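Bear in mind the structure is a predicted one, so any value in this text is a computation, not a measurement. Just the heavy atoms: all of them, side chains too, but no hydrogens, waters or symmetry mates, feed the values below.
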Amino acid sequence: MADKNHLYLVDGSAYIFRAYHRLPPLTDPEGTPVGAVYGYTTMLWKLADDLDAAEGPTHLAVILDKSGRSFRNDIYPEYKANRPPAPEDLVPQFPLIRDATRAFSLECIEEEGLEADDLIASYARKAAADGWDVTIVSSDKDLMQLVSEGDDSTGRIDMLDTMKNQRISIPEVEEKFGVGPELVGDVLALMGDTADNIPGIFGVGPKTATKLIQEHGNLTAALDSAPDMKKSKLKERLLEHRADAELSRVLVTLKEDCDLPVALEDFKLDGVPPEPLAAFLQKHGFTSLLRRLDAGSGSPERPTNLNPAKPVTAGVAGDEHGNRQDVPEMPAVDRSAYECVQDRAALDRWIEKCLAARIVAVDTETSGLDAMQAELVGISLATGPNEACYIPLAHHNEGGGGSDMFAEKPKQIDRDEALEALRAMLASDSVIKIGQNIKYDLNVLARYGVEVTPIDDTMIISFALDAGRGEAGIGGGHGMDELSVRHLGHTPLSFKEICGTGKKAIPFGEVALDRATEYAAEDADVTWRLHKHLKPRLAIEGGSKVYERVDRPLIPVVAQMERHGIKVDHAQLAKLSGDFATEIGKLETQIHQDAGEEFTIGSPKQLGTILFEKLGHKGGRKGKSGQYSTDQSVLEKLAGDGAEIATRVLEWRQLSKLKSTYTDALQAAINPETGRVHTSYSLVGAQTGRLSSTDPNLQNIPIRTEIGRQIREAFVAEPGNVLLAADYSQIELRLAAHMADVPSLKEAFKEGEDIHARTAKEMYGEVDRDTRAKAKTINFAILYGISRWGLAGRLGVEPDEAQEVIDTYFARFPGIQNYISETLMAVKERGYSETLFGRKTWFPRINSKNQAERQGSERAAINAPIQGTSADIIKRAMARMMPTLDDAGLGHVKMLLQVHDELVFELPEGDVEAASTVIEKVMAEAAEPAVKLSVPLGIDIGSGNSWGAAH
DNA sequence: GATGTCACG
DNA sequence: GACGTACGTGACATCA
């Protein structure tokens, strides 16, 4: 037994921030992020375990920050004002820190209006005055003011940085600040602190601050000396910012006389009761700690290491194919267990249940599929298997929809009242809301003024784990019904079963409540189960990084872009439609004349018969269907041979395409409420990690031809605003240069050269129109996975010659060949490719015996890391864009569209210059700090009244 | 629902 | 001797 009391004061809040950034984003079996909690738990364990050590604690307490505000904000409103909000997967861990502390049966101290530092200072001084030794477990430099030696009647105070495993006493403080603890506050007041937004003296850093205090003895003396200094920048600054320094001195002073809410004696450590601790470790899947607890039979044995890699989850492992692993023990789906919530009391009970569960699956039912127009009909919630409910909000009796105003409505809570009741829970940091494609629900609820955060998405998790694993022909493979069958072995009720199909289909709001409850609550239940099943796999299979750091943060960002929409000029589109129609009519007449009969030009089959049988043009059959090919390349060939009908069909096709797909469809896509066009982005649409855009697709608006470009002119800004387009220049080639480590290409990009010209020079020795065009083709061939036949077709040469070109390329650009073979080897071995940010794409047919299938997979596998890395980069830029613009006072700038390597914004004309600077910086630096590229990322920016003019 | 074609990066 | 040849998407028209 130590004969002297030794109090440990743990700076819990500061610790978890550091643990969060140091540890991987682990999740517990329920999917709650717990990386920081795990770090914190092991740290407490280690401290509590030192009970009998010479320097170990006899008393211990954890001190936390209660809220953001303290008395310092009253003195200086900007105090800590520039702190970014905590990362969203850290937020739900704050309450868990308290749980962890209680699990160790330790005291947890926090007081409204006081920062942890102040409580620590007060307790430390009191304990030292009583003759106790004190160790502050923190590395916060502000707390270094407290370090002292002690004497006969007072104890000593030192600090312990558990991450560096370093004791901090007076010599360490002097080494860091050049002065003793009593003068640390003076140094801090001069240098300021950007993290806390303490001003200090502008332009004075740690070096100068220390020197001034050393020379003059204290802050006041240093400031007083300024008028006598010889003329210098420093003198000016000291004179000009004296008030800042004095204010800072007050801010950095710790309040050492706080009322102490718990007496020192109550911090006594006398062993950790094992039961609550075991329950806590069990709940969060800290299995290795649990084993140690069992082994030590109540007295925690010192952990052998702090490596958190293993204990993350409770024994869920993926099999080779990621399907049907050990399904966590869950009862079978029982639809009769679901509750239909029809009154406030029941709703309030469910809200309490969600708050207690901290993790809840949410699903909205609506009157349609368009998140920007559909009406909210009901909400379902699930807090566990078979623990689910449906809250109808806008149901009317079957068949009575709209036609009979007096039709009786089923009993349900008023929609506004229910949303008001749910609002706090849906926005609560301590409750994670899980959805299956939650972007849809985010947008529906946002239209009713309800925010949902933080979120998790089983569809996106599935994509992070299993992109590309779907069978051929099955689109995506991340839909709920499919996931449910694959992972839970359960087929949920289908929408068709409930609402019918075709003409007989009824809107969901007319479905009887018992059926609606079964369907809707089951969706939430299944989502909850999928989450429990899939989330732990992320950490095990290495999907956490890309999910947590790239895709999950993107969900609300993309949702907002969809809600913004973009304005299109209806009148201009209508005019174009008219012009196109006239021209199409003329061409049609001429084509029929050329053919000598009327036929359906849009039918490739009829056209083929006309061209190749009736008119006797040459051109082979194609494909297993035995049909004539009439595509662009075939028609161009015929046109080259002088067949006017082919020229006219090509023109007809172009105009028909533009009219039907763009000028007509876009007019119809204008949302009547907002007057804008709202696309829907899919985050799981492309196996490589790219987004895709539907309803309408705004990622394929014409630009390559003059006639098509007119359509871009119809995408416009609101009056007084402009559209700004920022795109990455040649990003995929740049990434190829980096990833394959090709010296001459990297050099060319660093020098800002025209990359195709550079390639032409290397390949052919001279640069002209012709060689540059060829070089461009070759560069793309490389990105897409080359074959001699493919390249031969593009270059118009024989395959043998194409092979020579390829050989020359490999010789001139060493690294490429190696990249290709290494990539293929890795994919054949592991089954997946990986981007620089760790995004996996699976290639189940890479080892196929079918040559076509295999070679197709090989080409895709060569391309996927490049295309995917490019997608990761622009996604990171998107996630950072609005916060960064906001910091620059440009929070009103709207990010509207993403087109793979381009972002489109709408903003007041006067802000173009300022916004361009920020946008370019965010995009150019988007890979960092996770990845340091050896080539710069070039950004082109333009703006104008229309999207066309912005290019 | 499959097929062919063509708009984009 | 072929796979009928570049990677990744989505929308539309036609036709079975």
> Are the charged groups of A:E906 and A:R676 less than 4.0 angstrom apart, N to O?
yes
> Should the pair A:R758-A:E753 be classified as a salt bridge under the 4.0 Å nitrogen-to-oxygen rule?
yes
> Counting distance only, does the side-chain N/O of A:T600 pair as donor-acceptor with the main-chain N or O of A:G602 below 3.5 Å?
no
> Taking only residues two or more places apart in sequence or in another chain, which ones pass side chain to side chain donor-acceptor pair (under 3.5 Å) with A:R772?
A:D754
> State plainly whether the residues A:D641 and A:K637 are in salt-bridge range, i.e. N to O under 4.0 Å.
no
> For A:E497, I'd like to know if atom CD has over 12 heavy atoms of other residues, nucleotides or ligands within 6.0 Å.
yes
> Atom CD of A:Q898 and atom P of B:dC8: how far apart are they, to the nearest Å?
17 Å
> With the side chain of A:L650 defined as its heavy atoms from C-beta on, choose the nearest nucleotide among B:dG9, B:dA7, B:dC6.
B:dC6
> Hey, do the aromatic rings of A:F463 and A:H478 have their centres closer than 6.0 Å?
yes
> Could you state the CD1-P distance from A:I601 to B:dC6, rounded to the nearest angstrom?
14 Å
> Salt bridge or not between A:K746 and A:D741? Use side-chain N to carboxylate O under 4.0 Å.
yes
> When you check the gap from the basic side-chain N to the acidic O, do A:D551 and A:R839 get nearer than 4.0 Å?
yes
> So if I take residues 702-710 of chain A and measure heavy-atom distances to DNA chain B, which residues fall below 4.0 Å?
A:P702, A:I703, A:R704
> Hey, is A:R648 close enough to A:E588 for a salt bridge, meaning N to O under 4.0 Å?
no
> Quote, to the nearest angstrom, the C1' distance that separates B:dA7 from C:dA2.
32 Å
> Just the rounded figure in Å: distance from C1' of B:dA7 to CZ of A:F715.
12 Å
> With A:F715, which residues qualify under ring-ring contact (aromatic ring centres under 6.0 Å, His included), at least two apart?
A:W947
> Scan nucleotides 11-16 of chain C nucleotide by nucleotide, 5' to 3', and note B when protein non-hydrogen atoms come under 4.0 Å of the base, S if they reach only the sugar-phosphate, - if neither.
BSSSSS
> Distance to the ring centre below 6.0 angstrom and angle to the axis at most 45 degrees; does that hold for A:K618 and A:F612?
no
> Under 4.0 Å between any heavy atoms, over every strand shown, what does A:S629 touch: base, sugar-phosphate, or nothing? Just pick one.
sugar-phosphate
> Dot-bracket, 5' to 3', for DNA chain C please: Watson-Crick or G-U pairs under 3.5 Å, [ ] where pairs cross earlier ones, | where the partner sits on another strand, dots elsewhere.
......|||||||||.
> Whole-Å distance between C:dG10 P and A:L691 CG?
11 Å
> Work out how far the P atom of B:dT5 is from that of C:dG4, and round it to whole angstrom.
14 Å
> With A:K659 as the cation and A:F580 as the aromatic partner, state whether NZ or CZ is under 6.0 Å from the six-membered ring centre and within 45° of the axis.
no
> Using a strict cut-off of less than 4.0 Å between a Lys/Arg side-chain nitrogen and an Asp/Glu carboxylate oxygen, indicate whether A:K849 and A:E853 qualify as a salt bridge.
no
> Distance check, P atoms only: C:dC3 and B:dC6, in whole angstrom units.
25 Å
> Over how many whole Å does the gap from A:L635 atom CG to B:dG4 atom C1' extend?
12 Å
> Give the rounded distance in Å between these two atoms: CD of A:Q687 and C1' of C:dG10.
14 Å
> Rounded to whole Å, please give me the gap between CD1 in A:I701 and P in C:dT9.
19 Å
> Just the atom pairs and distances: protein N or O near nucleotides 5-7 of chain C's N or O, under 3.5 Å.
{"unit_1": "C:dA6", "atom_1": "OP2", "unit_2": "A:R794", "atom_2": "NH2", "d": "3.3"}
{"unit_1": "C:dA6", "atom_1": "O3'", "unit_2": "A:R859", "atom_2": "NE", "d": "3.1"}
{"unit_1": "C:dA6", "atom_1": "N7", "unit_2": "A:R794", "atom_2": "NE", "d": "3.0"}
{"unit_1": "C:dA6", "atom_1": "N7", "unit_2": "A:R794", "atom_2": "NH1", "d": "3.3"}
{"unit_1": "C:dA6", "atom_1": "N7", "unit_2": "A:R794", "atom_2": "NH2", "d": "3.1"}
{"unit_1": "C:dA6", "atom_1": "N1", "unit_2": "A:T777", "atom_2": "O", "d": "3.3"}
{"unit_1": "C:dA6", "atom_1": "N1", "unit_2": "A:A781", "atom_2": "N", "d": "3.3"}
{"unit_1": "C:dC7", "atom_1": "OP1", "unit_2": "A:R859", "atom_2": "NE", "d": "2.8"}
{"unit_1": "C:dC7", "atom_1": "OP1", "unit_2": "A:R859", "atom_2": "NH2", "d": "3.2"}
{"unit_1": "C:dC7", "atom_1": "O2", "unit_2": "A:Q867", "atom_2": "NE2", "d": "3.4"}

> Separation of A:R653 atom CZ from B:dA7 atom P, in whole Å?
10 Å
